[in-house]
Amino acid sequence: MKTFGDTLRELRVAQELGLREMAGKIRISPAYLSRIERGKEPPPSPEVIKALAAVLAVDPDILFRLSSATDPEITDFLRARPEVMRLLRLILEAGLSDEDIQRVTAFVRQICDQHESSSP
């Protein structure tokens, strides 16, 4: 499995962004970004991870999965909605397969689509 830094560097290079350009866009020093990419620094704060994902036009969850951080928006949402935490616990305890989780995800998307179509 690739490290946070390896993945970050690959994504940056794929976007044809130089180290200094990328660092400038998210207002961190190029030296700090270089140390992160080389694994000399741990993954940055959740706010920096989200900024990196935005500049790289990738799902922030890709980077969050490789770091020990959790997106603060997700954490806040889980704290505010205990039913969601219970749902996640149920999925964990049931040992649902990836295929099962994909079916649950499709069902939730279907509900979202119905909700959007009924909104004014």
Side-chain angles (χ1 to χ4, degrees):
M1 185 165 143
K2 293 190 186 217
T3 66
F4 181 90
D6 290 337
T7 302
L8 182 59
R9 182 178 23 245
E10 285 181 11
L11 291 168
R12 179 179 58 76
V13 170
Q15 291 285 337
E16 298 181 357
L17 287 169
L19 192 73
R20 290 182 192 281
E21 182 182 7
M22 176 77 173
K25 287 180 182 268
I26 58 170
R27 297 192 169 131
I28 62 173
S29 77
Y32 177 56
L33 180 57
S34 175
R35 288 192 309 272
I36 292 169
E37 288 186 353
R38 291 180 291 124
K40 303 292 183 190
E41 291 275 349
S45 69
E47 294 76 22
V48 173
I49 291 173
K50 288 169 74 171
L52 289 164
V55 170
L56 295 168
V58 298
D59 182 346
D61 288 334
I62 292 170
L63 297 178
F64 278 113
R65 277 192 294 268
L66 296 171
S67 76
S68 59
T70 302
D71 185 338
E73 289 178 4
I74 300 296
T75 304
D76 291 345
F77 180 75
L78 291 173
R79 282 190 189 115
R81 305 290 298 269
E83 268 313 303
V84 175
M85 187 62 84
R86 284 191 278 280
L87 174 61
L88 290 175
R89 179 74 53 199
L90 176 64
I91 290 169
L92 175 68
E93 290 170 355
L96 296 185
S97 68
D98 287 345
E99 183 180 313
D100 293 332
I101 292 171
Q102 287 174 354
R103 289 192 349 238
V104 170
T105 302
F107 177 71
V108 170
R109 284 194 176 118
Q110 189 176 34
I111 292 171
C112 291
D113 290 346
Q114 291 171 357
H115 186 269
E116 286 177 9
S117 67
S118 66
S119 296

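Computed from a prediction, not measured in an experiment: that's the story for all the values here. The chain is numbered in sequence order, starting from 1.
Transitive grouping of hydrophobic side chains (ILVMFWY, heavy atoms separated by less than 4.5 Å) brings Ile62 and Ile26 into a common cluster. Cluster membership check: Val13 does not share its hydrophobic cluster with Met22, using side-chain heavy-atom separations under 4.5 Å among Ile, Leu, Val, Met, Phe, Trp and Tyr. Val84 and Ile91 are members of different hydrophobic clusters when ILVMFWY side chains are connected at heavy-atom separations under 4.5 Å.
Among all heavy-atom pairs drawn from Ile49 and Pro60, the shortest one is CG2-O, 4.5 Å. For Leu66 against Phe4, the heavy-atom pair with the smallest separation is O-CB, 3.8 Å. Of all heavy-atom pairs spanning Leu17 and Val55, the tightest one is CD1-CG1, 3.8 Å. Residue Pro30 comes nearest to Leu19 through the heavy atom pair O-CD2, 3.6 Å, listed as atom of the first residue, atom of the second, then distance.
Proximity of Pro44 to Leu52: side-chain heavy atoms (C-beta onward) are separated by under 4.5 Å at one or more points. Using a 4.5 Å heavy-atom cutoff, the side chains of Glu99 and Arg103 are in contact. Looking at heavy atoms from C-beta onward, Leu78 lies in side-chain contact with Leu88 at the 4.5 angstrom threshold. A heavy-atom distance below 4.5 Å is not found between the side chains of Pro43 and Phe64.
Atom CD in Glu116 sits 11.5 Å away from atom CZ in Arg109 (nearest 0.5 Å). Note that CZ of Arg38 and CG of Leu33 are 10.0 Å apart. Values are rounded to the nearest 0.5 Å. Annotation: the span from Arg65 atom CZ to Asp59 atom CG amounts to 6.5 Å, rounded to 0.5 Å. Taking NE2 from His115 and CD1 from Ile111, the interatomic distance works out to 10.5 Å, rounded to the nearest 0.5 Å. Atoms CD1 and OG, on Ile36 and Ser67 in that order, are 11.0 Å from each other to the nearest 0.5 Å.
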Please assess Leu63 against Leu11 for the test side chain to side chain contact (heavy atoms under 4.5 Å, CB included), listing each intermediate value before the final yes or no. CA-CA 10 Å; Leu63 297 178; Leu11 291 168; 4.1 Å; yes

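Around CG of Asp76, the count of heavy atoms belonging to other residues, nucleotides or ligands within 6.0 Å exceeds 12. Environment of CD in Glu73: sparse, with no more than 12 heavy atoms of neighbouring residues, nucleotides or ligands closer than 6.0 Å.
The side-chain hydrogen bond (donor to acceptor under 3.5 Å, both in side chains) analysis of residues 12-32, with sequence neighbours excluded, yields the pairs Arg12-Glu37. For residues 84-95, the side-chain hydrogen bond (donor to acceptor under 3.5 Å, both in side chains) pairs, not counting sequence neighbours, are Glu83-Arg86.
Side chain of Asp100 to backbone of Ser97: a donor-acceptor contact under 3.5 angstrom is found. A donor-acceptor distance shorter than 3.5 angstrom exists from the side chain of Thr105 to the backbone of Ile101, with no hydrogens or angles considered.
Looking at residues two or more places apart in sequence or on another chain, you find no salt bridge (Lys or Arg N to Asp or Glu O under 4.0 Å) involving Glu47.
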